[in-house]
Each structure stands twice: as C-alpha cells, then as structure tokens.
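Here's the structure, in structure tokens; my notes come after.
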Amino acid sequence: MEDQKTDCSSIISDMGAKGLVCHYRFEEGSSQFVFLDIDKETGGASINNSLSFSTSTYLHFISSSNGLLLLSSFGESQLNYHVFNPLTRQSVALPPHGITRQVIRSGLAFDGKQYQVVLVHAFKDENNGLVPLPDDIELEIFSSETGAWRNHQPFSLSLNVEVPVCEFPQLNATTLFSNGAIHWEISGRLLVYHVKDDYCEVIELPNVFEDWSWQSTMTYRRCLWESEGRVHYTYTDFDGVHTWNLLKENEHDVYSQNNVYDSEKFRWALVYTIDHKELAKEDLDILYIGNQWEPHNISPFAYVEDSETMYLQLPGIVVAYSTKNRVLQKVCRYKFPDIDFNCCFFFPFIHSNEGHQKNASKSLQVGEVVDLPIEKEVNSLSF
C-alpha cells in the first residue's frame with residue numbers, strides 16, 4: 001500500500017459511530033480484520049464488509065484512536081509501524097526509529113488533524129531478564145506534523161515495577177487514548193502520557209498487589225475504556241467483573257471519610273461489580289466452562305455507553321451484558337481450530353458515521369448472532 005502524506009486533516013471528518021474489530025491471526029501467517037457495527041438500541045453486532053480486510057502476511061494490531069489503527073509488521077531489524085485508515089484504505093509507513101532497547105509499550109494519539117505514535121522503551125537487565133523501571137524509561141515519539149521521531153525522557157517518574165522480557169501482548173489491556181492522553185497498563189500501574197503537555201504520570205491501579213507478575217495477566221483479564229469523558233478500568237477475578245473510574249482532581253472527597261485514603265496514590269472509585277453468579281444466571285452453559293468459574297475465560301474488552309453494554313470475550317463466543325437492564329446476549333461466535341482463543345482478538349473501534357452508514361441497511365434483530373471468521377473472501381491489502 002502506498003504511503004500517504006502525514007497531514008491527516010481530511011482523513012476523518014465526522015467521528016462518533018462505535019463498533020468492534022475482530023483480529024484473526026492464522027497459522028500460516030495471514031490476518032483478517034473483521035469490523036462489526038454496534039446497534040445503539042440492542043447492543044447487537046453486524047459485519048461491516050466495507051471496512052473489513054485481510055492480509056497475506058503477518059500484521060499485528062497495537063491500538064486505535066478516533067478512526068485510525070496503529071499496526072505493526074516484521075522488518076529486517078525492527079518492527080515496521082503503520083498508521084492505517086480503514087475507511088479510506090490510506091496507510092502511512094513510519095520511518096525507522098532509533099531505539100536499540102526493548103519497546104515495552106506503544107500507542108497512537110489522533111486528535112482529528114494530526115497524530116502521534118509513542119513508543120515506550122527501557123533498558124534490559126541482562127542478569128535477571130527483567131526490565132527495571134523507572135530510571136531507564138524513555139519515549140520515542142513520531143509526529144505526523146514533523147514527519148520525524150524525537151526522544152523524550154520523563155523526569156521524576158516513579159514507576160517501581162519490573163516488566164518481564166517475554167510478555168504476551170494479547171493479554172495486556174488495550175492502549176487507550178482519552179482526554180488528550182495515552183494510557184498504558186504496566187504491571188498493576190497505569191502509565192499516562194499527556195500528549196499536548198508532553199509529560200508522564202503513574203497511577204496505581206485498584207487491583208495491584210505486591211507480587212504482580214506475568215502470571216497475573218494470565219489469570220485476571222483487564223481493559224481500559226472511556227465513558228462520559230472518564231477513563232474506566234475493568235478487570236475480572238474469582239468474584240466477578242469489576243469496573244472503576246479514574247477520579248478527577250476535584251473529586252477526591254468521595255473518600256473524605258476514609259482516613260487511610262491517599263489521593264496521591266489511589267485515584268479510583270468503584271462503579272459496579274458484576275458477580276459471576278449473576279452472569280451465570282443469564283446463561284449457565286457459556287459462562288461456566290468446565291463447571292467452574294475461571295476469570296481467565298472471561299475477557300472484558302469494550303464498553304458502549306449508548307446502549308450501556310459491556311462486551312466480554314469467552315472461548316468461542318462474544319457476549320454483550322447490559323449494565324442497565326442486566327441482560328446477557330450472544331453477539332458473535334468465532335472458531336479457531338486447535339488453537340487457543342487468544343489467537344483471536346477483539347477490540348473497540350470508533351469510525352466515521354460515513355463508514356457506519358454504508359452498512360446501515362443491515363438491521364439487527366435482538367438475539368441475532370454473527371459467525372466469524374468471514375468465510376468468503378474479504379478485501380485483500382498489502383502493507
């Protein structure tokens with residue numbers, strides 16, 4: 001796909017339609033990206049064929065921001081990064097960066113005119129195979145306005161965690177761009193990069209514990225999402241699904257009666273908990289896999305505030321749970337023969353109303369279930 005100029009002022013004109021994307025990574029190396037439109041009333045989904053596409057080579061989803069996707073592919077000495085607009089099929093291949101250390105997180109920030117791609121990297125500890133933070137963390141930032149990378153080293157950053165060298169990217173919470181900042185989850189902390197003001201902060205997550213490790217990411221699935229201008233954090237454990245929102249500076253008095261509350265350290269308020277028994281009442285067969293509740297089998301990945309619906313990925317199926325009506329419905333079935341369901345990823349996506357309207361002729365029926373992957377040939381692209 002030909003590179004486009006980095007000025008994105010005409011790429012997205014009318015944002016707002018929310019949907020989902022299913023990313024299949026097949027065994028032979030090809031990928032399929034299936035876009036699903038969300039019905040505002042029912043929370044159900046339908047396939048948007050005009051946006052869906054496939055590639056014959058390996059392509060990895062990293063993050064999305066206001067209608068653009070950040071993707072990566074294998075290069076000779078480092079990953080190649082691509083900023084892609086599914087609506088126009090325009091793609092920008094970013095120039096090589098100067099990082100020689102391990103990239104531990106990456107993200108995309110798009111304000112409707114210009115975008116920035118941010119890579120977080122740190123020194124590797126050769127003795128124990130871990131990446132020590134905070135002293136050695138740096139950012140490499142690409143701006144579509146300048147067309148070049150620049151280096152930024154945060155000062156006074158306290159992120160006292162260790163990140164394993166071998167992480168499973170599909171088990172990390174998807175990067176979120178919200179309120180002008182990129183949010184990454186790293187080992188029980190939230191690393192936030194404020195794009196306009198060019199500074200970082202670290203926020204402890206509500207479910208952090210002392211011996212957080214990569215095994216924790218295998219057990220407790222998490223996601224970051226935005227609703228009503230607020231950053232939310234949802235995770236699963238053996239009790240159910242819990243959602244917290246990030247407090248603003250003037251809202252810390254919500255804990256004013258709690259003498260142990262530290263507004264500098266803990267900045268969250270619990271929104272709700274969905275007990276696993278409550279979920280099981282809706283559909284015992286799909287939620288109790290092997291007759292036992294296992295939090296790693298329930299992966300929250302998106303929330304749509306129009307229908308007040310939380311989307312959960314389970315082995316072989318995606319379900320939508322209405323937090324307003326407390327109703328569970330099946331949204332789509334997916335299959336991946338002989339391979340764990342982590343090879344099939346779902347993530348939220350916001351695209352232009354134009355892209356949504358192209359698919360608007362397909363009305364959704366309550367209870368209608370979509371089957372994935374798409375058996376017929378979809379648009380084939382090269383990166």
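Start at 1 with the first residue, then count along the sequence. Basis for what follows: all heavy atoms, side chains included, without hydrogens, waters or symmetry-related copies.
Proximity of the aromatic rings of F110 and F177 is defined here by a centroid distance below 6.0 angstrom, and this criterion is not met.
In this structure, H183 contributes its side chain and L176 its backbone to a donor-acceptor pair below 3.5 Å. A donor-acceptor pair under 3.5 Å is formed between the side chain of T236 and the backbone N or O of R221. With S52 contributing its side chain and F35 its backbone, the two residues share a donor-acceptor pair below 3.5 Å.
When all heavy atoms are compared, the tightest approach of T243 to M310 is OG1-CE, 4.0 Å. Taking both residues in full, the closest heavy atoms of H121 and V103 are given as CB-CA, 4.1 Å, listed atom of the first, atom of the second, then distance. Of all heavy-atom pairs spanning P348 and L20, the tightest one is CA-CD2, 4.3 Å.
With sequence neighbours excluded, the residues satisfying ring pair (Phe, Tyr, Trp, His ring centres under 6.0 Å) with W225 are H232, Y303. Under the side-chain contact (heavy atoms from CB on, under 4.5 Å) criterion, S380 pairs with S54, not counting sequence neighbours. With sequence neighbours excluded, no residue forms a side chain to side chain donor-acceptor pair (under 3.5 Å) with N80. Residues satisfying the side chain to side chain donor-acceptor pair (under 3.5 Å) criterion with S73, sequence neighbours excluded, are H82. Looking at residues two or more places apart in sequence or on another chain, you find no salt bridge (charged side-chain N to carboxylate O under 4.0 Å, His left out) involving D111. With sequence neighbours left out, the side chain to side chain donor-acceptor pair (under 3.5 Å) criterion links Y199 to H194.
In this structure, H152 and V118 have side chains that are not in contact, with every pair of non-hydrogen atoms separated by 4.5 Å or more. At a threshold of 4.5 Å between non-hydrogen side-chain atoms, the residues Y193 and I141 count as touching. Residues E41 and S307 fail the side-chain proximity criterion, which asks for heavy atoms closer than 4.5 Å. Between D371 and C332, every side-chain heavy-atom pair lies at or beyond the 4.5 Å cut-off. Under the 4.5 Å side-chain criterion, counting only non-hydrogen atoms from C-beta, T174 is not in contact with R222. In this structure the side chain of V370 never reaches within 4.5 angstrom of the side chain of V331, judged on heavy atoms. The shortest distance between side-chain heavy atoms of S50 and N379 does not fall below 4.5 Å. Within the 4.5 Å cutoff, no side-chain heavy atoms of T234 are placed close to those of W244.
For the atom pair CG (L71) and CG (L381), the distance works out to 10.5 Å, reported to the nearest 0.5 Å. In this structure, L36 CG and I47 CD1 are separated by 6.5 Å, a value rounded to the nearest 0.5 Å. Going from atom CD1 of I38 over to atom CG of D306 covers 10.5 Å, rounded to the nearest 0.5 Å. Between the OG atom of S30 and the CG atom of L59 there is a distance of 11.0 Å, given to the nearest 0.5 Å. If you take CG on L69 and CZ on F61, they are separated by 6.5 Å, rounding to the nearest 0.5 Å.
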Problem set entry | Verdict with supporting geometry, H276 and D239, side-chain hydrogen bond (donor to acceptor under 3.5 Å, both in side chains) | CA-CA 6 Å; H276 66 85; D239 294 322; 5.8 Å; no

Exercise. Could you walk me through whether E305 and K18 pass the salt bridge (charged side-chain N to carboxylate O under 4.0 Å, His left out) check?
Worked result: CA-CA 10 Å; E305 59 183 305; K18 295 186 178 181; 3.4 Å; yes

For this session: Could you walk me through whether F345 and F33 pass the ring pair (Phe, Tyr, Trp, His ring centres under 6.0 Å) test, one step at a time?
Result: CA-CA 10 Å; F345 318 110; F33 290 78; 9.6 Å; no

Exercise. Could you go step by step and tell me if Y311 and F346 meet the ring pair (Phe, Tyr, Trp, His ring centres under 6.0 Å) rule?
Worked result: CA-CA 9 Å; Y311 291 86; F346 289 83; 9.7 Å; no

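In the model, Q90 has no side-chain atom that pairs as donor or acceptor with a side-chain atom of N85 under 3.5 Å. Looking only at atom types and distance, the side chain of Y233 has a donor-acceptor partner in the side chain of N207 under 3.5 Å away. Judged by distance alone, the side chains of S144 and Q114 do bring a donor and an acceptor atom under 3.5 Å apart. A donor-acceptor pair shorter than 3.5 Å can be found between the side chains of Y334 and Q313. Residues S322 and T309 bring no donor and acceptor atom of their side chains to less than 3.5 Å of each other. Between the side chains of E185 and Y235, not a single donor N or O lies within less than 3.5 Å of an accepting N or O.
Summarising the local packing, CZ of R326 is surrounded by 12 or fewer heavy atoms from other residues, nucleotides or ligands at distances under 6.0 Å.
Ring-plane geometry between H97 and W149 is classed as perpendicular, the angle between the planes exceeding 60 degrees on a 0 to 90 degree scale with a lower cut at 30.
By the criterion of side-chain heavy atoms lying less than 4.5 angstrom apart, applied directly or through intervening Ile, Leu, Val, Met, Phe, Trp or Tyr residues, V304 is not grouped with V327; the two fall into different hydrophobic clusters.
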